S.K.: 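Below you will find the structure I want to go over with you.
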Amino acid sequence: MSNTEEIVRIAAKGDGVTASGRHVAGTVPGDRVDPAGQVVPGPHHAVPPCRHFPECGGCQLQHADDAALRRFVTDRVVNAAEGQGIAVGTLHETHLSPPKTRRRATLHGLRHKGGAVLGFKEQRSNRIIDLRECHVLRPELFALVQPLRELIARFAGRQPVDVSLTLADQGVDCAVTGIENANLDAAEALREFAQARNLARFALDEGFGAEPVWEPQPVTIMLGRTPVPLPVGAFLQPTEDGQDRLAQDLLGYLERAGTVADLFSGLGTFAFELAVQSKVLAVEGGRDAHLACKSAANRNGRPVHAMHRDLFRNPLQPADLDRFDAIALDPPRAGAREQVDQIARSSVGRVAYISCNPSSWARDAKTLTDAGFRLAELRPVGQFRWSTHVELTSLFVR
């Protein structure tokens with residue numbers, strides 16, 4: 001064993017790394033590797049539960065046990081902060097979503113002479129892994145893989161097909177791109193498929209935007225005990241347990257804030273949670289999401305005022321922000337550089353920042369700390385189990 005090196009960490013893309021900086025795919029901390037690349041598994045090297053690993057791009061870290069996975073998620077977040085010279089206050093326990101809890105996913109399909117394939121794409125490839133099992137999807141979603149495979153074999157052309165699945169209050173919402181609803185027989189067959197599978201909605205996108213062909217009742221998603229209309233393709237947190245964790249953190253971070261501006265609010269995922277203790281301004285640039293939030297707030301009498309505004313091109317200014325006791329924001333992966341610049345110039349004392357990208361978050365966090373904020377609380381979150389995709393919640397106070 002003297003000529004072997006120990007894996008000491010997992011890099012951002014999932015490779016194990018030795019103390020000397022050598023990257024070795026398929027390893028976790030505690031494994032050892034010899035000069036020829038032979039790996040001796042350590043105590044945290046798990047047996048992958050899925051037959052499709054490691055080819056399937058849906059997972060990168062099934063060979064890591066929970067301890068190694070939790071350490072990876074934690075290190076990604078903490079290292080991002082420390083890389084910007086930001087001191088972490090209270091570091092909360094890392095949250096990991098359990099297996100088979102993903103309630104939304106996009107699968108890829110292709111018709112071929114013998115039928116069709118449907119699944120995630122192979123790592124760093126466009127080849128589709130034909131799913132025969134999946135340990136991340138909710139069972140309600142995976143149960144549709146075989147029926148959808150048969151549907152693709154029957155109706156798809158030669159072009160690839162994308163299938164978006166989301167578990168809504170009424171059942172599974174399914175949107176398909178790449179199948180043409182060209183005649184009445186096909187249209188009727190698709191409706192019969194949706195009805196037979198008890199789908200909440202079945203939508204087709206033939207190149208002009210997704211249009212429902214089956215929706216027996218309006219599709220909603222429960223957010224903060226408020227049923228909110230769910231537009232086709234709308235963003236939703238990937239797991240219920242993860243969303244609950246993020247929301248509970250926000251409620252704690254912003255306790256006793258009478259007024260809160262929820263920026264990049266989407267459907268109102270956190271606005272409706274915060275509304276139990278605060279008056280909330282929900283600001284969103286996506287028109288469909290904004291209208292869904294607005295109608296749900298009005299219909300259910302929630303203290304949420306929805307504003308349609310592009311915060312990248314037209315961020316709220318310090319004079320606008322100073323009217324609020326606290327700010328909550330959950331921007332896309334690119335972060336919120338323009339809006340954070342204005343928050344830094346404001347007099348707001350508390351900022352709760354949820355992020356799905358530790359790198360862009362750390363850049364924005366540096367702007368806030370340079371303006372006199374400190375990172376008081378931080379929680380790493382791994383909703384995309386066995387993936388290198390990492391999220392977090394954080395609280396900044398002046």
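Please read these numbers as outputs of a predicted model, since none were measured by experiment.
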S.K.: Ignoring hydrogens and geometry beyond distance, is a side-chain donor-acceptor pair present between Gln383 and Gln237 at under 3.5 Å?
M.R.: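 Checked: Gln383/Gln237 side chains pair up, N/O donor to acceptor below 3.5 Å.
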S.K.: What is the distance from atom CG of Leu254 to atom CG of Asp325, rounded to the nearest 0.5 Å?
M.R.: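 It is 10.0 Å, given to the nearest 0.5 Å.
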S.K.: Return yes if a side-chain donor-acceptor contact under 3.5 Å exists between Asp162 and Thr106, otherwise no.
M.R.: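 On atom types as modelled, these side chains do not qualify, holding no pair under 3.5 Å.
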S.K.: With distance as the sole criterion, is a donor-acceptor pair present between the side chains of Asp241 and His95 under 3.5 Å?
M.R.: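 Yes, a side-chain donor-acceptor pair sits under 3.5 Å.
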S.K.: When rounded to the nearest 0.5 angstrom, what distance separates CG in Leu96 from CZ in Arg70?
M.R.: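 So the CG of Leu96 and the CZ of Arg70 are separated by 4.5 Å.
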S.K.: Measure the spacing between CG of Leu118 and CD1 of Ile129 and express it to the nearest 0.5 Å.
M.R.: 12.0 Å
S.K.: Could you check whether any side-chain N or O of Arg138 sits under 3.5 Å from a backbone N or O of Arg102, counting only pairs where one atom can act as donor and the other as acceptor?
M.R.: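 Pair absent, no side-chain N/O of Arg138 close to backbone of Arg102.
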S.K.: Do Ile221 and Thr166 make a side-chain contact, defined as non-hydrogen atoms from C-beta onward lying under 4.5 Å apart?
M.R.: no
S.K.: Does Pro29 offer a backbone N or O that forms a donor-acceptor pair with the side chain of Glu6 under 3.5 Å?
M.R.: no
S.K.: Could you tell me if the side chain of Leu204 sits less than 4.5 Å from the side chain of Leu190, heavy atoms only?
M.R.: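 Leu190 reaches Leu204 side chain to side chain.
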S.K.: Once the angle between the rings of Phe373 and Phe396 is folded into 0 to 90°, is it parallel (under 30°), tilted (30 to 60°) or perpendicular (over 60°)?
M.R.: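 Ring orientation, 0 to 90° scale: perpendicular.
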S.K.: Please examine the side chains of Leu263 and Leu316, heavy atoms only from C-beta on, and report whether any two atoms are closer than 4.5 Å.
M.R.: yes
S.K.: Is there a donor-acceptor contact under 3.5 Å from the side chain of Asp34 to the main chain of Thr4?
M.R.: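 Judged by distance alone, no pair lies under 3.5 Å.
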S.K.: With rounding to the nearest 0.5 angstrom, report the CD to CZ distance, Gln123 to Phe53.
M.R.: 7.5 Å
S.K.: In terms of hydrophobic clustering (I, L, V, M, F, W, Y; side-chain heavy atoms under 4.5 Å; direct or indirect links), are Leu329 and Val260 co-clustered?
M.R.: no
S.K.: Between Thr101 and Thr239, do the side chains contain an N or O donor and an N or O acceptor separated by less than 3.5 Å?
M.R.: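 No donor-acceptor contact under 3.5 Å links the two side chains.
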S.K.: Check for me, please, whether Leu281 and Phe272 land in the same ILVMFWY cluster - side-chain distances under 4.5 Å, paths through other members count.
M.R.: no
S.K.: Just checking Arg333: does its CZ atom have more than 12 heavy atoms from other residues, nucleotides or ligands closer to it than 6.0 angstrom?
M.R.: yes
S.K.: Answer yes if Leu321 and Met307 sit in the same cluster of Ile, Leu, Val, Met, Phe, Trp and Tyr residues linked by side chain heavy atoms under 4.5 Å apart, and no otherwise.
M.R.: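 Hydrophobic grouping puts Leu321 with Met307.
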S.K.: Is any side-chain heavy atom of Glu150 closer than 4.5 Å to one of Phe193?
M.R.: no
S.K.: Using a 3.5 Å distance criterion without hydrogens, assess whether the side chain of Asn79 forms a donor-acceptor pair with backbone atoms of Asp75.
M.R.: yes
S.K.: So, the side chain of Glu284 versus the backbone of Gly286: is there a donor-acceptor pair under 3.5 Å, distance only?
M.R.: yes
S.K.: Mind checking whether Gln277 and Leu251 have side chains closer than 4.5 Å, heavy atoms only?
M.R.: yes
S.K.: Are any non-hydrogen side-chain atoms of Cys134 and Phe120 less than 4.5 angstrom apart?
M.R.: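 Yes, at least one pair of side-chain atoms sits under 4.5 Å.
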S.K.: Could you tell me if the side chain of Phe270 sits less than 4.5 Å from the side chain of Val280, heavy atoms only?
M.R.: no
S.K.: Evaluate whether atom CZ of Arg154 has more than 12 neighbouring non-hydrogen atoms of other residues, nucleotides or ligands under 6.0 angstrom away.
M.R.: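 For Arg154, atom CZ is not crowded (no more than 12 foreign heavy atoms under 6.0 Å).
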S.K.: Would Leu375 and Val390 show up in the same hydrophobic cluster when neighbours are defined by side-chain heavy atoms closer than 4.5 Å?
M.R.: yes
S.K.: When you measure from the side chain of Arg76 to the backbone N and O of Pro358, does any donor-acceptor pair fall under 3.5 Å?
M.R.: no
S.K.: Would you check if the side chain of Arg398 reaches a backbone N or O of Ala371 as a donor-acceptor pair within less than 3.5 Å?
M.R.: yes
S.K.: Are more than 12 heavy atoms, taken from residues, nucleotides or ligands other than Gln159, located less than 6.0 Å from that residue's CD atom?
M.R.: no
S.K.: Keeping Arg22 on the side-chain end and Ser20 on the backbone end, is there a donor-acceptor pair under 3.5 Å?
M.R.: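 Pair absent, no side-chain N/O of Arg22 close to backbone of Ser20.
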S.K.: Answer yes or no: is there a donor N or O on one side and an acceptor on the other, between the side chain of Glu82 and the main chain of Ala80, under 3.5 Å?
M.R.: no
S.K.: With side-chain contact (heavy atoms from CB on, under 4.5 Å) as the test, would you mind laying out the steps for Phe155 and Arg111 before giving the verdict?
M.R.: CA-CA 9 Å; Phe155 290 108; Arg111 181 183 179 184; over 6 Å; no
S.K.: Could you check if a side-chain atom of Arg287 sits within less than 4.5 angstrom of a side-chain atom of His290, using non-hydrogen atoms only?
M.R.: no
S.K.: Determine whether a donor-acceptor pair (N or O, by modelled atom type, separation under 3.5 Å) exists between the side chain of Gln60 and the backbone of Thr388.
M.R.: yes
S.K.: Are Arg103 and Gln243 linked by a side-chain donor-acceptor pair shorter than 3.5 Å?
M.R.: yes
S.K.: If hydrophobic clusters are built by linking Ile, Leu, Val, Met, Phe, Trp and Tyr wherever their side-chain heavy atoms come under 4.5 Å apart, do Leu230 and Phe202 end up in the same one?
M.R.: no
S.K.: Take Phe264 and Phe312 through the ring pair (Phe, Tyr, Trp, His ring centres under 6.0 Å) test and state the conclusion after the steps.
M.R.: CA-CA 10 Å; Phe264 308 94; Phe312 294 106; 5.4 Å; yes
S.K.: We want to know whether Glu391 and His389 form a side-chain donor-acceptor pair, criterion being a heavy-atom distance below 3.5 angstrom.
M.R.: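 No.
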